[in-house]
Student: 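Have a look at the structure that comes next, please.
Below, read A as the first sequence line, B as the second, and so on, with proteins coming before strands; counting in each chain starts at 1.
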Number of protein chains: 2
Amino acid sequence: MELHQLKCFIAVIEEGGFNRATTRLHITQPALSYQIKQLEDELGASLFHRRPRGISPTEAGRVLFQHAQDVIERVRQARRAIERLSKGVVGEIRIGTVNSVGIYFLPPVLQKIKEKYPLARPTVMYRRGGEVMEALLSSQVDVAVLANPRPDRRLNFETIIEEKVSLVCSKGHPFFGRTSVQPHELRGLPFISLTQETPTGMLVKDYLAKLGVSVDVVVSTPNVDTVRKMVEVGLGVAFLPDMVTSADVSCDGKPIDLISRVEVRPSLTRKIVLVTWKKFQCGQVVQAFLDELRWHGGHWKACVESRPRK
Amino acid sequence: MELHQLKCFIAVIEEGGFNRATTRLHITQPALSYQIKQLEDELGASLFHRRPRGISPTEAGRVLFQHAQDVIERVRQARRAIERLSKGVVGEIRIGTVNSVGIYFLPPVLQKIKEKYPLARPTVMYRRGGEVMEALLSSQVDVAVLANPRPDRRLNFETIIEEKVSLVCSKGHPFFGRTSVQPHELRGLPFISLTQETPTGMLVKDYLAKLGVSVDVVVSTPNVDTVRKMVEVGLGVAFLPDMVTSADVSCDGKPIDLISRVEVRPSLTRKIVLVTWKKFQCGQVVQAFLDELRWHGGHWKACVESRPRK
DNA sequence: CGGCGTCATAAGTTTTGTTTATGTGACCTA
DNA sequence: TAGGTCACATAAACAAAACTTATGACGCCG
C-alpha cells in the first residue's frame with residue numbers, strides 16, 4: 001500500500017468513477033485501473049462494484065475510504081509541522097548547561113527569545129559539565145553552555161564570556177574594605193568551596209594549588225548559591241564567579257549585597273563557552289538563540305561593571 | 001512522500017543508523033540513502049545529522065518521526081479493518097424494504113443474524129417500493145426486499161415468499177364466520193385501502209378493477225397497521241397481506257385476533273422478492289443474511305399456516 | 001443493431017528504485 | 001602521521017514500478 005495509491009482510491013470515490021478521477025490525478029485511466037488493482041490485490045478485497053454506469057464502493061471500499069482520508073490528513077499535518085519548523089515559527093531549543101550559567105546567565109537570554117519567538121520551546125538540562133558534554137555528543141541537546149569545558153576534536157568551542165572568579169567575603173570579614181589581598185594571606189583560612197566535580201570548583205582548586213596555598217575547607221557544596229550564603233553568614237571566604245555576585249538578587253530572591261569582592265593577584269578567570277558540534281546545522285529558532293547568546297555574552301562585562309559592588 | 005519512505009525513515013531512527021536499518025528493510029544502504037534523500041528534498045529539511053559515529057535526528061526528523069509512526073499505525077488499522085470484513089467477523093448489511101415486509105418479515109431474520117454474527121451491523125431503510133429501487137440502483141443499499149417489484153434488466157429478482165392478500169373483516173362484520181365470499185358481494189362495501197403508492201395498494205386496486213368491482217373507499221392510508229386497526233373497529237373491510245394478519249401481535253403490541261380472513265375467488269397474491277444487482281458480489285456477512293432470508297422465506301408459509309386464524 | 005460510455009487488458013516506454021562498486025571524511029590505532 | 005575502519009554519499013548499471021497508447025469487453029440507450 002502506498003500513499004499515491006490511496007490518493008488514487010480517494011479520487012475515484014470522490015469523483016465517482018475512474019474516468020472522472022483521471023482529470024484530477026493527471027494520469028490516464030489504465031494507470032489508475034492498475035493502481036486500484038494493486039490495492040485490491042494486496043488487501044484481498046475488491047473496493048468497487050464495477051457497474052455499467054460507473055462504480056460504487058463496496059463495503060471494503062467504504063471502510064478503506066474512511067481510513068485513507070485519515071491517513072492523507074495525517075501526512076498533510078506532518079508536512080505542515082515541518083514547514084512551520086523551517087519557517088522559524090516554531091522550534092525546539094535543547095540546551096545543556098551547568099548550574100551557575102543556567103541560573104545567572106541564561107534566563108534573560110531565554111526571555112528575549114520568548115519575546116521574539118513566542119512559539120519557541122526551549123528546554124534546559126542542568127547537569128555537571130561532563131554530563132552535559134555527553135548529552136551534546138549523544139545529541140540529547142543541541143547546544144551546551146559550559147564553563148571551561150574540556151576540549152574535544154568533534155566539537156566547536158566559542159567563548160561567550162571571560163569573567164573573573166573573585167574572592168568574596170562577608171561584611172564583617174577582616175578582608176572587607178580592602179581593595180586587594182596577597183595569595184599567601186589566604187593560607188589556612190576557613191574556606192567555602194565548590195565541589196571538585198564542578199568545573200569552577202576544580203578551577204579554584206588548581207588555582208590555589210598552583211599558588212601553593214592550602215586553605216581550610218569548612219564547607220564543600222556543588223551549589224553556588226549555598227557557597228554565597230555561607231560566605232554571607234561569615235563562615236569563611238570563597239572564590240565565586242562574578243556572575244554569581246553581580247545579580248541584583250540571588251535565585252532565592254534575597255539581595256546579595258552582604259558580601260564583597262576582593263582582588264587577588266594573579267586573578268582567576270573562567271570562560272563561559274558555547275559548545276556545539278562542528279558543522280552544526282540548525283533551524284532558524286536555534287540560530288536566533290545562538291545570536292542572542294552571543295549578544296548577551298558581549299554585553300555581559302559592561303553589564304557587570306556598570307553595577308560594581310563595594 | 002510515500003509510505004515505504006516513511007518506513008525507511010522510521011527504521012533508520014529506530015535502528016539508530018542507515019547501515020543497521022538495512023537489515024530490517026532488506027535493502028542495501030545506497031537504496032536507503034536514496035529514499036531518505038527523496039524525503040529530505042521533498043520536505044526541504046534535512047532529517048538527520050550525519051555524524052562520524054552514525055546519525056541523530058534533527059528537529060525536523062524528530063517531528064516527522066512522531067507523525068510517521070502515527071501514519072503507519074493508521075495504515076495498519078485500515079488493513080485490520082478490511083481483514084475483519086473479509087473474515088466475516090464484522091459487516092454492514094444495508095437493506096432497503098417497504099413497511100409491511102420490514103415490520104412483519106424482516107425482524108426475525110435480523111434477530112437470527114445478530115445471533116450468528118454479533119458484530120454485524122444491519123441498517124434498514126424503509127421507503128416506498130420505487131424509492132427502494134432507486135436506493136438499490138444508486139448503491140445506497142445492498143439488497144432490497146420488496147413486494148411485486150417492477151422488473152429491471154440490471155437487477156436480479158428472487159422470489160422469497162408468495163403469499164395471499166386476503167380479505168379481512170372485523171368480528172362483528174356480516175362476512176365473519178363465512179369461509180368465502182363472491183367478488184360481487186364486495187361491490188359498494190365500505191373499504192379500507194392502502195394508498196396507491198404502495199405496491200400492495202396498487203395490486204389490490206388492479207385486482208378489484210379486473211374483477212369489475214368498485215368499492216366505497218372510506219379510508220386510504222400508506223400504513224398497513226392503520227388499515228388493520230380500521231378493520232378491527234369495523235369501519236370496513238380490506239385486503240391485507242397474510243403476513244400482516246398472521247403475527248401474534250401487531251407492531252403496537254396489541255393482539256390482532258379481532259379480525260378474520262375470508263376467502264375470495266380468484267385469490268389475490270403478492271410476491272416478496274429479494275432484489276440485488278446482477279453479478280452481486282458481497283461479503284460473508286451479507287451472504288449469510290441472504291441465506292437466512294431465503295430460509296425464513298421457505299419456512300414462512302408453513303409458519304403462517306401453523307397459526308391459522310378463524 | 002450500432003454508437004457510446006466505462007472499465008479491463010496488452011504491449012511498449014518512461015520513471016523510479018535497487019544493486020554493485022567506489023568515494024569521502026572522520027575516528028582510531030600504532 | 002600513515003593506514004585501517006566505520007558510516008554514509010555518489011555513480012553507473014540494472015531491475016522493477018508506474019505510466020501511456022492502443023485495443024477489447026460489456027452493458028446501456030437510442
Side-chain angles (χ1 to χ4, degrees), chain A residues 1-9 11-13 15-42 46-58 61 133 137-139 151-156 276-281, chain B residues 1-9 11-13 15-42 46-58 61 133 137-139 151-156 276-281:
Chain A
M1 197 190 296
E2 288 300 334
L3 288 180
H4 73 97
Q5 292 172 335
L6 292 184
K7 280 179 194 154
C8 287
F9 172 73
V12 172
I13 289 210
E15 302 292 335
F18 283 59
N19 277 315
R20 256 165 296 175
T22 56
T23 63
R24 183 206 286 195
L25 296 166
H26 304 297
I27 58 174
T28 56
Q29 173 265 316
L32 183 51
S33 284
Y34 174 74
Q35 293 301 337
I36 298 296
K37 193 163 179 348
Q38 294 291 311
L39 260 184
E40 290 182 324
D41 289 351
E42 183 183 343
S46 57
L47 298 169
F48 297 105
H49 296 290
R50 273 76 165 179
R51 300 259 161 83
R53 286 261 159 251
I55 54 89
S56 74
T58 62
M133 285 290 250
L137 286 169
S138 63
S139 290
D152 186 311
R153 272 179 297 176
R154 293 164 287 185
L155 302 178
N156 200 308
T276 57
W277 277 86
K278 271 178 177 157
K279 304 176 314 180
F280 175 54
Q281 283 272 61
Chain B
M1 196 190 294
E2 290 299 335
L3 288 179
H4 72 95
Q5 291 172 334
L6 292 184
K7 280 180 193 154
C8 287
F9 172 72
V12 172
I13 291 212
E15 302 292 334
F18 284 58
N19 278 316
R20 256 166 295 174
T22 56
T23 63
R24 183 208 284 197
L25 296 166
H26 304 295
I27 57 174
T28 56
Q29 173 264 316
L32 183 51
S33 284
Y34 175 75
Q35 292 301 337
I36 298 296
K37 194 163 177 355
Q38 293 293 310
L39 260 184
E40 289 181 324
D41 288 351
E42 182 182 344
S46 57
L47 299 170
F48 297 104
H49 296 291
R50 273 74 166 180
R51 300 258 162 82
R53 285 267 159 244
I55 54 88
S56 75
T58 62
M133 284 291 250
L137 285 170
S138 63
S139 291
D152 187 309
R153 272 180 297 176
R154 293 164 287 184
L155 302 178
N156 200 307
T276 57
W277 277 86
K278 273 178 176 159
K279 305 177 312 180
F280 174 56
Q281 283 271 63

Student: Starting at atom CD1 of A:Ile27, determine the distance to atom C1' of C:dT15, rounded to an integer number of angstrom.
Tutor: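 The distance from CD1 of A:Ile27 to C1' of C:dT15 comes to 14 Å, rounded to the nearest Å.
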Student: Using 30° and 60° as the class boundaries, would you call the ring planes of A:Phe48 and A:Phe9 parallel, tilted or perpendicular?
Tutor: tilted
Student: Does A:Glu2 reach a base, just sugar-phosphate, or nothing at all? Heavy atoms under 4.0 Å.
Tutor: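 Since no nucleic acid heavy atom lies under 4.0 Å of A:Glu2, the category is nothing.
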Student: Rounded to the nearest 0.5 Å, what's the gap from CG on B:Leu3 to SG on B:Cys8? Could you check?
Tutor: 11.0 Å
Student: Between P on C:dG25 and CZ on A:Arg153, what's the gap in Å once rounded to a whole number?
Tutor: 17 Å
Student: What integer distance in Å separates A:Arg154:CZ from C:dC28:P?
Tutor: 6 Å
Student: Could you tell me whether B:Glu42 atom CD has more than 12 heavy atoms of other residues or ligands within 6.0 Å of it?
Tutor: yes
Student: For A:Leu3 and C:dT16, what is the distance between atoms CG and C1' respectively, to the nearest whole Å?
Tutor: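 For the pair A:Leu3 CG and C:dT16 C1', the rounded distance is 16 Å.
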Student: What is the distance, rounded to the nearest whole Å, between atom CG of A:Leu137 and atom C1' of C:dA26?
Tutor: 14 Å
Student: Using every non-hydrogen atom in the two residues, find where B:Arg24 and B:Ala11 come nearest and quote the distance to one decimal.
Tutor: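 It is NH1-CA, 3.7 Å.
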Student: Checking B:Glu40 side chain against B:Leu47 main chain: does a donor-acceptor pair fall under 3.5 Å?
Tutor: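 Yes, B:Glu40 side chain to B:Leu47 backbone: donor-acceptor pair under 3.5 Å.
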Student: Using atom CG of B:Leu6 as one end and atom P of C:dG17 as the other, report the distance to the nearest whole Å.
Tutor: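 In whole Å, C:dG17 P and B:Leu6 CG are 13 Å from each other.
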Student: What integer distance in Å separates B:Ile36:CD1 from C:dT16:C1'?
Tutor: 16 Å
Student: Enumerate the protein-to-nucleotides 5-10 of chain C contacts in which both atoms are nitrogen or oxygen and the separation is below 3.5 Å.
Tutor:
unit_1: C:dC7; atom_1: OP1; unit_2: A:Phe18; atom_2: N; d: 3.1
unit_1: C:dC7; atom_1: OP2; unit_2: A:Phe18; atom_2: N; d: 3.2
unit_1: C:dC7; atom_1: OP2; unit_2: A:Asn19; atom_2: N; d: 2.9
unit_1: C:dC7; atom_1: OP2; unit_2: A:Asn19; atom_2: ND2; d: 3.2
unit_1: C:dA8; atom_1: OP1; unit_2: A:Arg50; atom_2: NE; d: 2.4
unit_1: C:dA8; atom_1: OP1; unit_2: A:Arg50; atom_2: NH2; d: 2.9
unit_1: C:dA8; atom_1: OP2; unit_2: A:Ser33; atom_2: OG; d: 2.8
unit_1: C:dA8; atom_1: N7; unit_2: A:Gln29; atom_2: NE2; d: 3.0
unit_1: C:dA8; atom_1: N6; unit_2: A:Gln29; atom_2: OE1; d: 3.2

Student: Using the closest heavy atom to pick a nucleotide of DNA chain D for each, name whichever of A:His4 or B:Trp277 lands nearer the 5' end.
Tutor: A:His4
Student: Please round to the nearest 0.5 Å and tell me the distance separating atom OG1 of A:Thr276 and atom CD of A:Gln281.
Tutor: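 The distance works out to 11.0 Å.
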Student: In whole angstroms, how far is the C1' atom of D:dC8 from the CZ atom of B:Phe48?
Tutor: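 Between C1' of D:dC8 and CZ of B:Phe48: 12 Å.
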Student: At under 4.0 Å between heavy atoms, what does A:Gln38 touch on the DNA or RNA strands: base, sugar-phosphate, or nothing?
Tutor: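 A:Gln38: no heavy atom of the nucleic acid under 4.0 Å.
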Student: Hey, does the side chain of B:Gln35 come within less than 4.0 Å of C:dT18's phosphate (OP1/OP2), counting only N and O?
Tutor: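 For C:dT18, OP1 or OP2 has a side-chain N or O of B:Gln35 closer than 4.0 Å.
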Student: Is the NZ atom of A:Lys278 crowded by more than 12 outside heavy atoms at less than 6.0 Å?
Tutor: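 Counting neighbours around NZ of A:Lys278, more than 12 heavy atoms of other residues, nucleotides or ligands fall under 6.0 Å, so yes.
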